[in-house]
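What follows is a short report on a single structure.
Because the structure is predicted, anything quoted here is derived from the model rather than measured. Atoms within a ligand are numbered from 1 in the order they appear, just like the ligands themselves. Note that these values count all heavy atoms, side chains included, but never hydrogens, waters or copies made by symmetry.
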Amino acid sequence: MLVSLVPRADVVGDVGTGDALVPIALIRAGKARKVIACDKSAAALKICRRNLEQYGLCPNELGSIELREGDGLSPLKSGETQVTIIAGMGGLTIAEILSRGPLDVAGLYVLGPMSHRKDLRLFLRAAGFTLIDEAIVRQAGKFYEFEVVVPPPGDGVCVPSTAERMRERFPLMLEGEIGVLLWERRDPVLREYLVHREEKLRALEGRLRGTSRAEQIGRLRKELLTLLSKWDFR
Ligand SMILES: C[S@@+](CC[C@H](N)C(=O)[O-])C[C@H]1O[C@@H](n2cnc3c(N)ncnc32)[C@H](O)[C@@H]1O
């Protein structure tokens with residue numbers, strides 16, 4: 001899913017590349033002429049080198065992946081990539097990397113948070129990123145979401161359109177919980193996610209019955225049910 005969200009580009013950056021499987025997949029899918037795979041961990045880059053040797057890449061493919069050590073976006077130069085991926089880490093870590101910048105290393109970011117998706121969405125909105133695309137997949141019972149965003153122009157002026165659209169569509173407690181584009185296109189996996197989330201909240205509400213937390217959870221659950229009841233109406 002991650003690779004499918006990356007538009008064909010000359011140079012793609014991969015921040016927190018881990019095992020280099022994403023760069024390998026990008027090159028094999030013909031998505032980029034060159035991938036700059038970055039990680040702050042020297043140990044991770046060692047695994048990358050081993051994988052690059054073991055995955056049987058031809059010399060041309062091998063020459064297309066450059067490894068760089070460094071924190072966040074710092075190993076990349078201004079305008080060096082058209083697309084940069086930051087995936088496989090927590091949403092708060094991704095938000096922190098983006099907030100430290102420099103954002104002009106890419107014109108487009110493809111993000112794959114493993115947790116704190118709501119926090120990341122709210123951060124992106126507040127920081128003025130424009131949402132271009134979203135995707136959700138379910139694998140082994142877990143849901144994974146991806147966002148494709150354009151960084152704010154210049155010094156980070158807020159782009160109100162996404163925020164406004166979110167506010168129009170979602171009640172307060174659900175803000176940032178649900179991908180607005182997934183909702184707009186009625187993605188069937190989003191529906192599965194909403195049903196799954198409602199079931200989890202119902203169980204939690206039962207366990208905490210009688211506490212103020214249970215009331216809060218109950219309100220959120222009702223909002224989810226209201227949203228689900230609107231699924232067939234556009
Ligand atoms: C679980 S791996 C993810 C690998 C790959 N991106 C994926 O999605 O499969 C997370 C990697 O992010 C790296 N990482 C975490 N914080 C980072 C940061 N601030 N800058 C660069 N790399 C970071 C870690 O060293 C680790 O190798």
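Between Ile136 and Val189, the closest heavy-atom pair is CG2-CB, 3.7 Å. Of all heavy-atom pairs between Pro7 and Leu108, the closest is CG-CD2, 3.7 Å.
If you chain together hydrophobic residues whose side chains sit under 4.5 Å apart, Phe143 and Met114 never meet in one group. Linking ILVMFWY residues whenever their side-chain heavy atoms come closer than 4.5 Å, directly or via other members, leaves Ile86 and Leu92 in distinct clusters. One hydrophobic cluster, built from ILVMFWY side chains closer than 4.5 Å, cannot hold both Leu21 and Leu111; they sit in different ones.
Nearest protein heavy-atom contact of atom 21 (C) of ligand 1 is Lys40 N, 3.3 Å. The single protein non-hydrogen atom nearest to atom 6 (N) of ligand 1 is Gly16 O, 2.7 Å, given as residue, atom name and distance. Atom 2 (S) of ligand 1 has Gly88 O, 3.9 Å as its closest protein atom, hydrogens excluded (heavy atom only). Nearest protein heavy-atom contact of atom 19 (N) of ligand 1 is Asp71 OD1, 2.7 Å.
Each of the following atoms of ligand 1 lies closer than 4.0 Å to a heavy atom of Gly72: 18 (C), 19 (N), 20 (N), 21 (C). Annotation for ligand 1: atoms under 4.0 Å from non-hydrogen atoms of Ala87 are 3 (C), 5 (C), 6 (N), 8 (O). Within the listing of ligand 1, atoms 25 (O) sit less than 4.0 angstrom from a heavy atom of Ser41. Listed by number with element, the atoms of ligand 1 under 4.0 angstrom from any heavy atom of Ala44 are 27 (O).
In Ile97, the part holding a heavy atom less than 4.0 Å from any atom of ligand 1 is the side chain. The proximity of Met89 to ligand 1, defined as any non-hydrogen pair under 4.0 Å, is limited to the side chain.
Under a 4.0 Å N-O distance rule, the pair Arg207/Glu205 does not qualify as a salt bridge.
Within the structure, the closest approach of Gly70 to ligand 1 falls below 4.0 Å when heavy atoms are considered.
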Side-chain atoms of residues 25-32: list all donor-acceptor pairs with protein atoms under 3.5 Å, sequence neighbours left out, distances to 0.1 Å.
from: Arg28; atom 1: NH2; to: Tyr55; atom 2: O; distance (Å): 3.0
from: Arg28; atom 1: NH2; to: Gly56; atom 2: O; distance (Å): 3.4
from: Lys31; atom 1: NZ; to: Val3; atom 2: O; distance (Å): 3.0
from: Lys31; atom 1: NZ; to: Val6; atom 2: O; distance (Å): 2.6

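Screening residues 82-114 for ring pair (Phe, Tyr, Trp, His ring centres under 6.0 Å) gives no qualifying pairs among residues at least two apart or on separate chains.
The one candidate from Leu98, Val110, Leu73 that meets the side-chain contact (heavy atoms from CB on, under 4.5 Å) condition with Thr84 is Leu73.
In the candidate list Asp39, Thr17, Asp19, Leu45, Asp39 is nearest to atom 27 (O) of ligand 1, counting heavy atoms. Here the shortest heavy-atom distance to atom 9 (O) of ligand 1, taken over Asp14, Val22, Val15, belongs to Val22.
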